[in-house]
Amino acid sequence: MNKILIKNIILFLFPVLIPVFILGSFAIIITDKYMKESITTNNLNLLQQLDQQTSLVLNDMHLLHLDYNWNPEIILSLQNILDSEYLTLQQKRNLEYGEGTLRRKEIATPYIHSIYIYYKNDKDRVLTSRAGVTSISSMHDTEWLEEFDSSSKREKLWMKTRSISEFSFESPEPVISIYKNIFKTSAQHVEGIIVLNIYQSYFKDLINELNHYQDQNIFVLDENQQKLYENTTSNSIDPAELDLTNQQDSYSIKLDGNTYIVHQLFSEEYQLRYISVIEDNIIYYIPNQLRWFTLLFVLLSLILGATTIYYLSQKNAKHVHKIISTLNTTSEHGEWTKKLSFKDNEYQLIVQRILKNYVTQSNLEKELKENKYQLQSAELLALQNQINPHFLSNTLTIIYWRAMALTGQPNKVTKMVETLTDILHFSLRIKQHTVTLAEEIHHTQNYIDIIKIRSDHPISIIWDYDEQLLNKQVLKFMLQPIIENSLSHGVDKSNQELTIKIKIRALEENIQVTVIDSGKGISKENLHALREGIPSESLSTKHIGLANINKRLDLIFNGHYTFIIRSKEGWGTSITIIHPIKD
């Protein structure tokens, strides 16, 4: 027993554990690599979206620059207005248009705080989106003028963060001021400056909307490595603590004993740097959890696999022990298992010992089945021979020609003989136990024709069937014995017409045949006796037809049929047969 147990553990445990260990290791490596690449891609996509939104904002500065640096009509008109002591009617109209344009742009754009357009003039006037044309001395915000340098040749825009208020009593609003010099078409020196003030809160909200992780620091640096705007986190990081000389898209850095992952994106057009900083434990929380879950799953698989195999091996060893004990008891060589070695397969030895018994049993079962089949065929043939006497066919043919010779022409006798001969030919010609519905209806109609000629009692036959069923196989000689039973037991002494309705329907994969007559019916006692007696009815009784049908149904369809008799005294009788449709 110990040999069997050890062998099963070696054969089944290691093939199961090794693939699990290998697949688990690969799963950890692939998952870790995939998640890190996915996280890096997601963070870079976030920075790219932030860059696109920033570019859209800075595009407003380009539109302003096109108007106030390259449009001569707007430049001359505004410069004359700023230098004039008194404004003409046309200048007032131009001023109203210019002020309205800036004001509408500020109102329509949610991130614009204010716009200043300044051309160097003797009156020190400036055009603003909020106050229109006003003197610089009357403005509360004059810090922007420090960026104007008439000797500068700087063509690119630049940005600075500051706080401004329109009036002294207002709380300062943090903004990002975007500056761009005005050269007035092709001038060599600066003639003015455009100032576009953007709400810092707009960018903070934008970052918070794009942010994926808790405590993720996202900020934007200008070309001087000064912070323009950032999101609000509980663990804010100073850009000076980072390695700003590193130009890689992604790198790690240690701050205060913690490891941080830095992702950065550079904007060459505006000299901006977009940076995302997040702690390693936060960004790789899901990959770490997956790694630990994978390791745990591998360990659990090892434990469960080892436990299951040990349990099954023990159980299997017990079964083998019982089988061997039984074989040792019944075998002539009871000691055949003593020499069982580690290399032997115990199941092959067991199979060899029981193979002879199995072959013997199989041969006996085969013989029993053949005997049963022959018995059923003989019984079925005997039942059909009760209705199919061959010699009557030849006798009826002789009677037919004798009757024709005596009368010299067809008459009722020859008609009956001809029809009866057709019935007998049908029974002798078709050897199968089932026929098509069309053949069964034709045979039944022949029988009805004979009855109508023979009987003086009025009879009415109603057929109700679907023509699509005519090619379906039904039990042979099924309708004629039922109709004969209706004529024999349903007709009373009155001369009232007997109506027989034959209804045939498809019922899923079965065919349902119902014969209803308007005869005198059967009493409850007789009906009960008939139902009880038909399954065991002797074929020599008055109900030979019904008993014959029931027996043939049982033999052909092996019990998969329904035979129902319903009747009420004074109302009539109905017989329903349901059996599978045979193609």
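Every value quoted in this text rests on a predicted model; they were computed, and no experiment measured them.
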Item to check | Between Tyr118 and Tyr116, ring centroids under 6.0 Å | outcome: no
Next on the checklist: Side chains of Asn197 and Glu173 only: does a donor on one sit below 3.5 Å from an acceptor on the other?
Outcome noted: no
Item to check | Check: Arg93 side chain, Thr88 main-chain N or O, donor-acceptor pair, under 3.5 Å | outcome: no
Checklist outcome for this item: For Tyr199 and Pro110 the tightest heavy-atom approach is CD1-O, 3.7 Å
Checklist entry - Got a donor-acceptor contact below 3.5 angstrom from the Lys180 side chain to the Glu155 backbone? => result yes
Item to check | Exceeds 12 heavy-atom contacts within 6.0 angstrom, atom NZ of Lys227 | outcome: yes
Next on the checklist: Looking at Asn59, I want to see if its CG is surrounded by more than 12 non-hydrogen atoms of other residues, nucleotides or ligands under 6.0 Å.
Outcome noted: yes
Checklist entry - Can you tell me how far CD of Glu73 sits from CG of Asn94, rounded to the nearest 0.5 angstrom? => result 7.5 Å
Next on the checklist: Applying the side-chain contact (heavy atoms from CB on, under 4.5 Å) criterion to Glu166, which one of Arg130, Met139, His140 satisfies it?
Outcome noted: Arg130
Checklist entry - When you measure from the side chain of Tyr111 to the backbone N and O of Ser201, does any donor-acceptor pair fall under 3.5 Å? => result no
Next on the checklist: Atom CG of residue position Asp238 - does it have more than 12 heavy atoms of other residues, nucleotides or ligands inside 6.0 Å?
Outcome noted: yes
Checklist entry - Does Asp466 reach the main-chain N or O of Leu469 with its side chain, forming a donor-acceptor pair under 3.5 Å? => result no
Checklist entry - Between Glu230 and Lys204, does at least one N-O distance fall below 4.0 Å, as a salt bridge requires? => result no
Checklist entry - Can any side-chain N or O of Tyr202 pair as donor or acceptor with the backbone N or O of Ile112 at less than 3.5 Å? => result no
Next on the checklist: Restricting to non-hydrogen atoms, name the atom on Ile75 and the atom on Tyr68 that form the minimum distance, rounded to 0.1 Å.
Outcome noted: CG1-O, 3.6 Å
Checklist outcome for this item: Rounding to 0.5 Å, atoms CD1 (Ile578) and CD1 (Ile581) come to a distance of 11.0 Å
Checklist entry - If you count the non-hydrogen atoms of other residues, nucleotides and ligands that lie under 6.0 Å from CD in Glu209, is the total more than 12? => result no
Next on the checklist: Do the side chains of Arg103 and Glu106 get close enough for a salt bridge, i.e. N-O under 4.0 angstrom?
Outcome noted: yes
Checklist outcome for this item: side-chain hydrogen bond (donor to acceptor under 3.5 Å, both in side chains) test vs Ser276 passes for just one of Gln216, Gln264, His263, namely Gln216
Next on the checklist: Quick check on Glu508: does its CD atom have over 12 non-hydrogen neighbours (other residues, nucleotides or ligands) under 6.0 Å away?
Outcome noted: no
Checklist entry - Are a donor atom and an acceptor atom from the side chains of Ser38 and Thr41 found within less than 3.5 Å of each other? => result no
Checklist entry - CG/Leu58 to OG/Ser267 distance, rounded to the nearest 0.5 angstrom? => result 8.0 Å
Checklist outcome for this item: In short, Ile207 meets Asn231 closest at the heavy-atom pair CG2-CB, 3.3 Å
Checklist entry - Does Lys105 pair with Asp60 as a salt bridge, N-O distance under 4.0 Å? => result yes
Checklist entry - If every non-hydrogen atom of Ile194 is compared with every non-hydrogen atom of Ile117, which pair is closest and at what distance? => result CG2-CD1, 3.7 Å
Checklist entry - Between Lys123 and Glu85, is there a side-chain N and carboxylate O pair less than 4.0 Å apart? => result yes
Checklist entry - What distance separates Leu78 CG from Asp83 CG, expressed to the nearest 0.5 Å? => result 9.5 Å
Next on the checklist: Any salt bridge linking Arg162 with Asp141? Criterion: basic side-chain nitrogen under 4.0 Å from a carboxylate oxygen.
Outcome noted: yes
Checklist entry - Of the options Glu223, Glu147, Glu143, which is the one that meets Lys160 in a salt bridge (charged side-chain N to carboxylate O under 4.0 Å, His left out)? => result Glu147
Item to check | Other residues, nucleotides, ligands: >12 heavy atoms within 6.0 Å of Tyr97 OH | outcome: no
Item to check | Interatomic spacing from CG in Asp554 to OH in Tyr561 - rounded to 0.5 Å | outcome: 4.5 Å
Item to check | Pairwise distance CG(Leu228) to CG(Leu221) - rounded to 0.5 angstrom | outcome: 7.0 Å
